[in-house]
Amino acid sequence: MQSHSQVLVIGAGAAGLMCAAMAGQQGLSVRVVDHANKAGKKILMSGGGRCNFTNYYIEPNRYLSRNPHFCKSALSRYTQWDFIGLVDRYGVAWHEKKDGQLFCDNKASDILNMLLDECTAGSVDISLETAIESVSFIHKENGGDRGVFILETSKGRFSADSLVIATGGPSIPTLGATGFGYQLARQFGLNVFDPVAALVPFTITDHLSGLCKTLSGNSCRVRVTCDKQSFLDDMLFTHRGMSGPAMLQISSYWQPGQTLTIDLLPELDVAEELRRLQHQSPKQLLRTWLGQQLTQKFAECWLTQMEWPADITLAALNGEQMDRLGAQLNQWQVKPSGTEGYRTAEVALGGVDTDELSSRTMEAKKQPGLYFIGEVIDVTGHLGGFNFQWAWSSAYAASGHL
Ligand code: FDA
């Protein structure tokens with residue numbers, strides 16, 4: 001097979017489908033190529049199967065990047081309201097879960113089907129199960145910077161005037177994720193920041209590993225701080241460490257070797273409260289009090305771990321002990337041994353250096369006609385629909401320039 005189109009998009013994921021649909025609807029001939037046997041696998045897995053497709057509160061400060069300004073232009077030109085408008089036109093039922101996070105009422109496939117219908121409306125050709133063997137660029141005679149991109153694939157040769165790379169990041173390889181976009185960027189001389197797993201659970205192998213195992217499945221609301229960043233959300237103990245939204249969020253800021261400060265009772269100054277209660281209910285057991293704040297199981301396991309006597313009453317605590325307990329509960333120091341890595345990470349930090357791209361069009365400055373969109377770029381959102389919004393916004397930015 002041999003075919004030429006005006007636009008070739010590599011990657012039939014969130015950004016690739018969105019960009020292809022918009023370009024196709026502008027009248028351009030568009031082909032999407034993906035090695036997976038199904039389009040949009042991450043969309044289907046996302047948000048626990050309900051796809052957290054955007055957030056009411058999209059702000060540039062919810063994104064990590066070497067250049068925090070890069071995302072501003074695209075996010076402001078295709079906003080969460082634009083995507084909500086699209087979802088509403090398709091009659092997809094949705095709801096706000098919490099903190100502005102918008103989810104489908106039914107299934108994530110509602111979003112994927114919407115994108116595929118948009119592609120059909122733009123007469124986009126989608127070639128799945130197509131392995132890319134090589135990508136090259138041939139200058140047009142008298143074409144200046146312009147030329148033709150040629151893809152040699154398992155299904156033949158595809159060529160195009162513009163090439164859009166929407167291959168995402170390397171997290172969850174079983175869903176077809178690869179570092180192909182980085183490799184391609186390097187082939188065209190662009191700088192790439194090495195990817196690092198983010199929005200990922202922590203592993204704990206030190207003296208706290210037994211506690212994590214025992215409390216596995218238990219969760220509580222905490223404030224976790226690392227590297228001057230804080231998140232107030234749920235923490236979940238797992239067999240191998242700690243997870244839950246608070247931990248996933250902070251993992252994007254954590255560096256190996258750093259310690260997390262976890263406030264287990266973020267609404268309470270523990271030392272102050274214990275001093276107050278010592279007068280009010282002196283006979284109350286410390287573990288009963290802590291069990292009322294958290295859960296009884298949590299209180300017992302945690303106090304044993306911290307070597308507090310099982311039957312100590314509030315009256316028996318001296319000032320130094322109350323301060324120590326206060327510090328242990330309000331500023332629990334936890335040093336993860338690592339993260340679960342790309343096997344379970346939702347995204348990857350790093351990617352194509354934003355200095356190499358136009359923030360208005362996502363086109364590579366060194367290679368006209370070559371575009372990068374979505375997660376492959378060094379722009380990573382917080383948990384909560386921010387990453388999909390980046391996929392939609394960056395796709396829109398590129399589509400208007402193809
Ligand atoms: P995406 O990964 O969607 O698509 C890349 C495509 O490129 C894939 O189809 C892949 O097969 C293809 N590809 C890769 N290498 C290739 C190669 N060599 N040749 C051909 N094709 C290739 N975000 C959010 O905002 N809300 C949420 O609810 C969730 N939930 C969530 C759950 C889970 C389990 C994960 C792993 C991730 C999320 N995310 C999320 C993150 C979100 O899924 C992610 O940021 C976007 O899918 C990124 O969109 P892209 O289009 O850039 O890549």
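Quick caveat: nothing in here was measured; it's all calculated off a predicted structure. Each ligand, and each atom within it, is numbered from 1 in the order the structure gives.
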Which option wins on minimum heavy-atom distance to [atom]: [options]?
| atom | options | result |
| --- | --- | --- |
| atom 29 (C) of ligand 1 | Gly40, Ser46, Gly49, Ala391 | Ser46 |
| atom 49 (O) of ligand 1 | Ala131, Ala14, Pro170 | Ala14 |
| atom 25 (O) of ligand 1 | Trp392, Phe103, Phe388 | Phe388 |
| atom 21 (N) of ligand 1 | Lys38, Glu346, His35, Met45 | His35 |

For [atom], what is the nearest protein heavy atom, given as residue, atom name and distance?
| atom | answer |
| --- | --- |
| atom 8 (C) of ligand 1 | Asp34 OD2, 3.4 Å |
| atom 45 (O) of ligand 1 | Glu375 OE1, 3.2 Å |
| atom 1 (P) of ligand 1 | Gly13 CA, 4.1 Å |

Notebook entry, point to check: How far apart are the C-alpha atoms of Thr79 and Asp82, what are their side-chain angles, what is the distance that settles it, and do they pass the side chain to side chain donor-acceptor pair (under 3.5 Å) test?
Noted result: CA-CA 5 Å; Thr79 69; Asp82 293 311; 3.3 Å; yes
Notebook entry, point to check: Is the closest heavy atom of Ser171 to ligand 1 under 4.0 Å?
Noted result: no
Note to self: Check for me whether Ala12 has a heavy atom closer than 4.0 Å to any atom of ligand 1.
What the structure shows: yes
Next item on the list: With the side chain counted from C-beta on, respond yes when Trp332 and Met306 share a heavy-atom pair under 4.5 Å apart, and no when they do not.
Entry: yes
Heavy-atom pairs closer than 4.0 Å: do any link ligand 1 to the side chain of [X], the backbone, both, or neither?
| X | value |
| --- | --- |
| Ala166 | backbone |
| Ala15 | both |
| Phe180 | side chain |
| Ile172 | side chain |
| Thr54 | neither |

Between [X] and [Y], does any side-chain N to carboxylate O distance fall below 4.0 Å?
| X | Y | value |
| --- | --- | --- |
| Glu363 | Arg146 | yes |
| Arg62 | Glu59 | no |
| Glu272 | Arg275 | no |

Notebook entry, point to check: Do Tyr253 and Gln258 have side-chain atoms, one donor and one acceptor, less than 3.5 Å apart?
Noted result: no
Next item on the list: Verify the distance criterion only: is there a donor paired with an acceptor across the side chains of Thr54 and Gln389 at less than 3.5 Å?
Entry: yes
Item checked: Trace of the side chain to side chain donor-acceptor pair (under 3.5 Å) decision for Gln328 with Trp308 -> CA-CA 11 Å; Gln328 287 174 341; Trp308 289 98; 2.8 Å; yes
Please answer whether the main-chain N or O of [Y] pairs with a side-chain N or O of [X] as donor and acceptor at a distance below 3.5 Å.
| X | Y | value |
| --- | --- | --- |
| Lys366 | Glu356 | no |
| Glu375 | Ala391 | no |
| Thr130 | Leu128 | yes |

Closer than 4.0 Å to some heavy atom of [X] - which atoms of ligand 1 meet that?
| X | result |
| --- | --- |
| Asn387 | 23 (N), 25 (O), 45 (O) |
| Thr178 | 14 (C), 15 (N), 16 (C), 17 (C), 18 (N) |
| Ala36 | 11 (O) |
| Gly374 | 52 (O) |
| Gly11 | 6 (C), 7 (O), 12 (C) |

Check: Mind checking whether Asn52 has an N or O less than 3.5 Å away from an N or O of ligand 1?
Finding: yes
Check: Based purely on interatomic distance, does Val347 place a nitrogen or oxygen under 3.5 Å from a nitrogen or oxygen of ligand 1?
Finding: no
Checklist line | Glu320/Arg324 under salt bridge (charged side-chain N to carboxylate O under 4.0 Å, His left out): CA gap, chis, key distance, verdict | finding: CA-CA 6 Å; Glu320 181 275 324; Arg324 184 145 48 92; 2.9 Å; yes
Notebook entry, point to check: Do Thr261 and Gln333 pass the side chain to side chain donor-acceptor pair (under 3.5 Å) test, and can you show the C-alpha distance, the side-chain angles, and the key distance before you say yes or no?
Noted result: CA-CA 5 Å; Thr261 300; Gln333 303 293 301; 3.2 Å; yes
